[in-house]
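Let me begin by presenting the structure, written as structure tokens, before commenting on it.
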Amino acid sequence: MRFSQFFARTLRENPSEADTVSHQLLVRGGFVHQLVAGVYSYLPLGWRVLRKIEAIIREEMDAAGAQELAMPVLQPVELWEETGRNLAFGEIVFNVKDRKEHMLLLGPTHEEVVTMLARRWVKSYRDLPFTLYQIQTKFRDEPRPRGGLLRVREFPMKDAYSFHADGESLDVTYRRMAQAYKNIFERCGLPTLMVEADSGAIGGKDSHEFMVQAESGEDTIIYCPGGDYAANVEKADSLKEQGETESLLPLEAVATPDVKSIEEVAKFLRVPHKKTLKAVFYSAGDSLVFAVIRGDLDVNEVKLRNLFKGADLRLATDEETRQAGLEPGYASPIGFKGIKIVADPSITLGSNFVAGANKKDAHFRNANYPRDFSVDVMADIAIAKAGEGCGRCGKPLQSTRGIEAGHIFKLETAISGKMGADFLDREGVSRTIIMGCYGIGVGRLLAAAVEYGHDDRGMIWPENIAPFQVHLVGLNLDQPQVSSVADRLYADLKSAGLEVLYDDRAESPGVKFNDADLLGIPVRLTVSPRTIKAGVVEVKRRRDKESTMIAAEALQGHLRELLGKRNGS
RNA sequence: CGGGGCGUAGCGCAGCACGGUAGCGCGCUUGGUUCGGGACCAAGAGGUCGACAGUUCAAAUCUGUCCGCCCCGACCA
């Protein structure tokens, strides 16, 4: 492609609306253009990258035995009423009305449609298992699009769905898909971390996310440096520090005027945070929930929400707390009944805790479970933090930020059960089809690749997904001798099967070199009066600092060495 | 939805407290000189100042309403 004819324009300055690196660079380089909030055009450069990622995904999906199909974006609301997920998704779905006032929606995902297909086709265990996938635009009216391509409202996604007669079959496919995902991300040149994830309101059992490590990521990952554990913080568990165990002392009330927060209490009574009990109140649906946890820890709302199966969980207001008969700042489960008490096991790691006295300006010393109070549910509701122990090996955990590029999970019968997708097993007994589903945010993956691969001059694309393989820069092309050499080289490279962006514009060298750095194509070749005189071509890899001069005759072989081996297909 | 910021030429911005000719840099067009890391000279094109309403002799500037975009939070199969 000749740059002079290419539909691309670079910007010298960062667009004001972008402050995520990938967003800035993709806009500056002319890869994407925003139409409205969270809706982007993929311009030729961006589209080329997207199609390369898609091609890799297709190859790996096909190799893993999945079959491609295409399902409609436009879906009838009735289908979603079967699973009730039109309510679970709520405001996030884009609704449309047809001319007959029939309500339709723009698919945010395709479990319902694909399960309808399975229901129609699958009669017998002999029809199972199989896996279907598509690469298609999804629509979600996110409350807040952000970070350029990282969180948008219209986006290309690869979604796959597997159907099984039993859990063992699902396990096999799940592992195969996990491996396919590893292959995909590796071929895209992106190191990812496979982490245990929360499966969210959709239900199901196992769930894993594939994370690209990046500061701009929306998720926090807790992982063990030993490599035996990694999880999204929403799901992560850890070994909490053991508090000191003393012989139990008698409960004793102390005056604590105006002392409310754990911080204040610990300071006022001169005890460490981990020797206090924290009480937090949530509103779940139409009732309140009383959460108790050791004072140095925090409540993981995702874990808590999962205990209440999808209920609308939010922090209760002080007003609501008082109405339940509790005094904010001085509340504790001691001598209290009325609302459900959920406790974290950390309240047993230690003894003689300081806890609220359920009246203003007073606390108890030496509170101990179960001597002094009882709880309704004892379950892990704590946020895991770096520094705490790995549940597998005990080593201190670490944390990092990540971009969720892929997510796989075992749906089991969460969808198929509600939709009556059944089959007859070997014994002629009707059973519910078991499902798995597997997603990759393709556009987000593209952005993640930039978050991962860039420097202060621009993007640095991995070979396999770069928009072009070679960036040919011609300098002083107004000299006929130079342009004829450059034109010939361009033609030769193309006929050798390379994808070449040929900068034949009448721009100064500085502009061309800076654009080459910005666009981040893996190999830059320069032809100029200088190189022609020496009978060489300058070769510079984007990720290297130095360039080398290669004799014109040896160039093709040299390029093959630089690029060839990476093209795995 | 709560908090904050912003909307003036294709892009980045100034002008607005104090109302009176719409400006700068980049980019773009034409001609010339340049040519290995964002060249120079000269001449140009390009804007209903987000929208609507109000105040005023007069509004980019003051007032009101609405719309849009970005950031933090809430939320996020």
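The analysis underlying the following values was restricted to heavy atoms, covering all of them including side chains, and did not include hydrogens, waters or symmetry mates. Because the structure is a prediction, the values reported are computed rather than measured.
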For atom C1', what is the distance between B:A17 and B:U63, given to the nearest Å?
15 Å
Which base, if any, makes a Watson-Crick or G-U wobble pair with B:C62, both distances under 3.5 Å?
B:G54
Find the partner of B:C11: check Watson-Crick (N1-N3 plus N6-O4 or O6-N4) and G-U wobble (N1-O2, O6-N3) distances, both under 3.5 Å, and reply none if neither fits.
B:G25
Interatomic distance at C1', B:C28 relative to B:G46, whole Å
9 Å
With P as the reference atom in both, quote the distance from B:G47 to B:A22 in angstrom, rounded to an integer.
13 Å
Euclidean distance for C1', B:C26 against B:A9 (whole angstrom):
12 Å
Only pairs under 3.5 Å count here: list side-chain donor-acceptor contacts from residues 515-526 of chain A, not counting sequence neighbours, and write none if there are none.
unit_1   : atom_1 : unit_2   : atom_2 : d
A:Asp515 : OD1    : A:Thr10  : OG1    : 2.9
A:Asp515 : OD2    : A:Thr10  : OG1    : 3.3
A:Asp515 : OD2    : A:Arg505 : NH1    : 3.3
A:Asp515 : OD2    : A:Arg505 : NH2    : 2.9
A:Asp517 : OD2    : A:Arg457 : NE     : 2.9
A:Arg524 : NH2    : A:Glu538 : OE2    : 3.0

Euclidean distance, atom CG of residue A:Asn476 to atom P of B:A39 [Å, nearest integer]
14 Å
So what does A:Val36 touch, heavy atoms closer than 4.0 Å: a base, only the sugar-phosphate, or nothing?
sugar-phosphate
Specify the separation, in whole Å, of atom CG of A:Asp19 and atom C1' of B:C6.
13 Å
Which sits closer to the 5' end of RNA chain B, A:Ile92 or A:Ala18, going by the nucleotide each is nearest to?
A:Ala18
Of the options B:C35, B:G38, B:C69, whose atoms approach the side-chain atoms of A:Ala37 most closely?
B:C69
Watson-Crick or G-U wobble partner of B:C76, both distances under 3.5 Å
none
Whole angstrom is fine here: how far is it from CZ in A:Arg314 over to P in B:A74?
15 Å
Atom-to-atom span, OH of A:Tyr40 to C1' of B:C70 - whole angstrom
10 Å
Strictly by modelled atom types, are A:Tyr438 and A:Ser162 linked by a side-chain donor-acceptor pair under 3.5 Å?
yes
Please report, rounded to the nearest Å, how far the P atom of B:C76 is from the CD atom of A:Glu209.
13 Å
I'd like to know whether A:Phe31 forms a ring pair (Phe, Tyr, Trp, His ring centres under 6.0 Å) with A:Trp461, so could you lay out the CA-CA distance, the side-chain angles of the two residues, the decisive distance to 0.1 Å, and finally the verdict.
CA-CA 13 Å; A:Phe31 284 64; A:Trp461 289 102; 5.7 Å; yes
Please check if the side chain of A:Ser416 supplies one atom and the backbone of A:Thr432 the other of a donor-acceptor pair under 3.5 Å.
no
Inter-nucleotide C1' distance (B:C6, B:C76), Å rounded:
25 Å
Taking for each residue the nucleotide of RNA chain B with the nearest heavy atom, is it A:Pro108 or A:Val511 whose nucleotide lies nearer the 5' end?
A:Val511
Just distance, no hydrogens or angles: give the donor-acceptor pairs under 3.5 Å from side chains in residues 13-26 of chain A, sequence neighbours left out.
unit_1  : atom_1 : unit_2   : atom_2 : d
A:Ser22 : OG     : A:Glu451 : OE2    : 2.7
A:His23 : NE2    : A:Tyr40  : OH     : 3.1
A:Gln24 : NE2    : A:Ala18  : O      : 3.2

A:Glu91 CD - B:A74 C1' separation (whole Å):
13 Å
With rounding to whole Å, what would you report as the distance between B:A51 and B:C69 at their C1' atoms?
15 Å
Closest non-hydrogen atom pair, A:Arg144 against A:Arg151
O-CD, 3.8 Å
Would you say the side-chain atoms of A:Lys512 pair up with the backbone N or O of A:Asp503, donor to acceptor, closer than 3.5 Å?
yes
Would one find a side-chain N or O of A:Arg305 under 4.0 angstrom from OP1 or OP2 of B:C75?
yes
For B:C35, the nucleotide meeting Watson-Crick or G-U wobble distances (both under 3.5 Å) is none
Counting only heavy atoms and a strict 4.0 angstrom limit, can you tell me which residues of residues 143-159 of chain A come near RNA chain B?
A:Pro143, A:Arg144, A:Pro145, A:Arg146, A:Gly147, A:Arg151, A:Met157
In Watson-Crick or G-U wobble terms, both distances under 3.5 Å, what is the partner of B:C18?
none
Would you mind reading off the distance between A:Phe409 atom CZ and B:C76 atom C1', rounded to a whole angstrom?
13 Å
Intermediate values then yes/no, side-chain hydrogen bond (donor to acceptor under 3.5 Å, both in side chains), A:Asn300 and A:Glu234:
CA-CA 7 Å; A:Asn300 181 329; A:Glu234 292 178 347; over 6 Å; no
Base, sugar-phosphate alone, or nothing: which one does A:Ser547 contact when heavy atoms must sit under 4.0 Å apart?
nothing
Would you indicate what A:Gln34 reaches in the nucleic acid, counting non-hydrogen atoms under 4.0 angstrom: base, sugar-phosphate, or nothing?
sugar-phosphate
Strictly below 4.0 Å: does A:Gln479 bring a side-chain N or O up to OP1 or OP2 of B:C35?
no
Between B:G36, B:G27, B:C71, which nucleotide has the shortest distance from any of its atoms to the side chain of A:Thr526?
B:G36
Can you tell me, in whole Å, how much space there is between the C1' of B:A60 and that of B:C18?
15 Å
With A:Lys303, the side-chain hydrogen bond (donor to acceptor under 3.5 Å, both in side chains) member among A:Asp198, A:Asp237, A:Asp380:
A:Asp380
Classify the side chain of A:Asp478 versus the base of B:C35 as yes if they form a donor-acceptor pair under 3.5 Å and no if they do not.
yes
Can you list everything that forms a ring-ring contact (aromatic ring centres under 6.0 Å, His included) with A:Phe210? Sequence neighbours excluded, please.
A:Tyr181, A:Phe185
Per-nucleotide protein contact along nucleotides 10-15 of chain B, 5' to 3', at a 4.0 Å heavy-atom cut-off (B base, S sugar-phosphate only, - neither), is --SS--
Not counting sequence neighbours, list each pair that qualifies as a ring pair (Phe, Tyr, Trp, His ring centres under 6.0 Å) and has a residue in residues 68-91 of chain A.
A:Trp80-A:Phe89
Syn within 90° of 0, anti beyond: B:A17 is syn
Just by modelled atom types, is the A:Met1 backbone N or O under 3.5 Å from a matching donor or acceptor in the A:Tyr490 side chain?
yes
With a 3.5 angstrom cut-off on both distances, give the Watson-Crick or G-U wobble partner of B:C49, or none if there isn't one.
none
C1' atom, B:U8 versus B:C49: distance in rounded Å?
4 Å
Of all the choices, B:G36, B:G27, B:C28, which nucleotide is nearest to the side chain of A:Arg12 once you look at every atom?
B:G27
Given atom CD of A:Glu404 and atom C1' of B:C76, what is their separation to the nearest angstrom?
9 Å
Look at A:Ser508 and B:C35 and indicate whether a side-chain polar atom (N or O) is within less than 4.0 Å of OP1 or OP2.
no
Report yes if the side chains of A:Thr400 and A:Met211 come closer than 4.5 Å at any heavy-atom pair, otherwise no.
no
Could you tell me the Watson-Crick or G-U partner of B:C6, where both distances fall under 3.5 Å? Say none if there is no partner.
B:G68
Less than 3.5 Å between a donor and an acceptor, one on the side chain of A:Arg28 and one on the base of B:G38, is that the case here?
yes
